[in-house]
Amino acid sequence: MVGVNELFLFVLVVEAGSFNKAAAIAGISTPALSKKISKLEKDLSVQLLYRTTRKLSLSEAGETLYQHAKNINQQVNEAIGAVSNFSEKISGEIKLSVPTISGELLLAEIVAGFCHQHPDISVNIRLENEFADLVKEGLDLAIRTGYLENSTLIAKPLIISHWIVCCSPEYIEQHGKPNTIDDLLTHNCLAYTGQAKGSHDWRFEQDGQEQSIRISGNFATNNAQALRKAALAGYGIAYVPRCGVYEDLQSGKLIALLADYKPRYLGVYAVYSYTRHLPAKIRLLIDHIKQGYQNKAEYF
């Protein structure tokens, strides 16, 4: 009879791309893992994987099994986590990596509130835009925005972050107001380099069609607060996550531009390594952060 553990290991091998990587994540030897996958194939009477010295590939049966089983680890974790509070003491340290914008604006207060609710837990926050190697650097959890390339990590969605084009009223008085993305070509656009790509290529959507414009300007920075301050001072136009300038928009210190265009948006995720049993303290922190974001949903 095929068990959940065998399906978990099969999915792990597929997404890790090799037996060695999957074995390291699962905490077993490579030969032991290989035997378990071979036993799974024998129990199902089908070949699931084609093995060569350079890569693994899925058979048709393997692809079918993977599509049905790929969410099994998350489902099992959630099921176990739902009852773990009854037996697990909530204590210890959590090492957390968060992006600078959310960290400075919202997450510091949200996490501090979590620590107040759970005095036996301490949380160590690192503010950084680069995606850290969770396993290598000993991190329990990361909050990240955008697309994740590492398939050996679990990403739990928290909220959608919408971006906005904005500038100060003083800038509009001096330089005029752009009404189309082509108008941006004649303006001083402030580039946010604290993103993986697209700092000078601003992307939009209009009438269901994606559009982009190559902007130029004399100020660029990888720090969102520095970009915000430059925009507030009237030095140019910024394209930033709305959460970072929401209060400035509400007060009128910044003005939203290009209302006829749909700006970019990215998912915000809680990211952690595969584990057969997600510790209750990590699950509780993820739930607390998600609720904190939802309480400030208008910012996003």
Side-chain angles (χ1 to χ4, degrees), residues 4-5 7-18 21-28 66 69-85 87-103 106-108 110-115 117-118 120-161 196 266-294:
V4 170
N5 185 55
L7 293 176
F8 163 78
L9 291 174
F10 169 69
V11 170
L12 194 58
V13 169
V14 174
E15 298 193 340
S18 79
K21 290 181 181 179
I25 295 170
I28 62 176
Y66 171 69
K70 63 182 179 180
N71 294 322
I72 194 169
N73 184 54
Q74 184 172 351
Q75 293 168 358
V76 170
N77 280 336
E78 290 176 354
I80 295 174
V83 298
S84 62
N85 278 345
S87 62
E88 184 174 344
K89 183 181 179 182
I90 309 301
S91 63
E93 183 184 25
I94 300 174
K95 294 181 179 179
L96 173 65
S97 172
V98 305
T100 56
I101 294 178
S102 295
L106 299 172
L107 273 175
I110 291 172
V111 174
F114 175 81
C115 294
Q117 292 180 18
H118 303 280
D120 291 330
I121 296 178
S122 63
V123 182
N124 186 338
I125 299 182
R126 287 171 32 177
L127 271 65
E128 54 196 350
N129 289 322
E130 296 77 17
F131 194 91
D133 186 322
L134 272 63
V135 176
K136 184 178 180 181
E137 300 185 37
L139 293 167
D140 300 295
L141 182 67
I143 308 300
R144 281 295 173 262
T145 301
Y147 306 103
L148 305 172
E149 296 181 355
N150 189 341
S151 63
T152 64
L153 299 173
I154 293 177
K156 184 172 182 177
L158 300 174
I159 202 166
I160 299 296
S161 174
L266 297 169
V268 181
Y269 302 91
V271 183
Y272 52 94
S273 300
Y274 272 110
T275 173
R276 296 185 190 181
H277 174 32
L278 185 67
K281 62 184 177 182
I282 305 297
R283 182 179 53 79
L284 285 174
L285 178 56
I286 292 173
D287 291 343
H288 184 86
I289 290 174
K290 183 172 184 177
Q291 186 59 55
Y293 276 140
Q294 296 299 326

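Sequence positions, counted from 1, serve as the residue numbers for this chain. Since the model is a prediction, treat every value here as computed from it, not as a measurement.
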Nearest heavy-atom approach of A16 to A22 is CB-N, 3.8 Å
Looking only at non-hydrogen atoms, find the nearest pair between L141 and A270 and report the distance.
CD1-CB, 4.1 Å
Result of checking L107, V98, L106, L284 against I289 for side-chain contact (heavy atoms from CB on, under 4.5 Å):
L107
Taking it one step at a time, do V271 and I143 satisfy side-chain contact (heavy atoms from CB on, under 4.5 Å)?
CA-CA 6 Å; V271 183; I143 308 300; over 6 Å; no
Show your working on side-chain contact (heavy atoms from CB on, under 4.5 Å) between L96 and N124 and close with a plain yes or no.
CA-CA 6 Å; L96 173 65; N124 186 338; over 6 Å; no
How far apart are the closest heavy atoms of S161 and V268, and which atoms are they?
CB-CG2, 3.8 Å
Could you walk me through whether D140 and Y272 pass the side-chain contact (heavy atoms from CB on, under 4.5 Å) check?
CA-CA 6 Å; D140 300 295; Y272 52 94; over 6 Å; no
Are K290 and I159 side-chain neighbours, meaning at least one heavy-atom pair lies under 4.5 Å?
no
Charged N to carboxylate O below 4.0 Å: is that the case for K281 and D120?
no
Does a side-chain heavy-atom distance below 4.5 Å link L158 with Q294?
no
Test your reading of the model: is there a side-chain donor-acceptor pair from Q291 to the backbone of I286, 3.5 Å cut-off?
no
Report yes or no: does H288 contribute a side-chain atom to a donor-acceptor pair with the main-chain N or O of I110 at less than 3.5 Å?
yes
Test side-chain contact (heavy atoms from CB on, under 4.5 Å) applied to S97 and R144, step by step
CA-CA 8 Å; S97 172; R144 281 295 173 262; 2.7 Å; yes
Which heavy atom of A69 sits nearest a heavy atom of V11, and at what distance?
O-CG2, 3.4 Å
Under 4.0 Å between a side-chain nitrogen and a carboxylate oxygen: does that hold for E137 and K95?
no
Could you tell me whether the side chain of I121 reaches within less than 4.5 Å of the side chain of I94, counting heavy atoms only?
yes
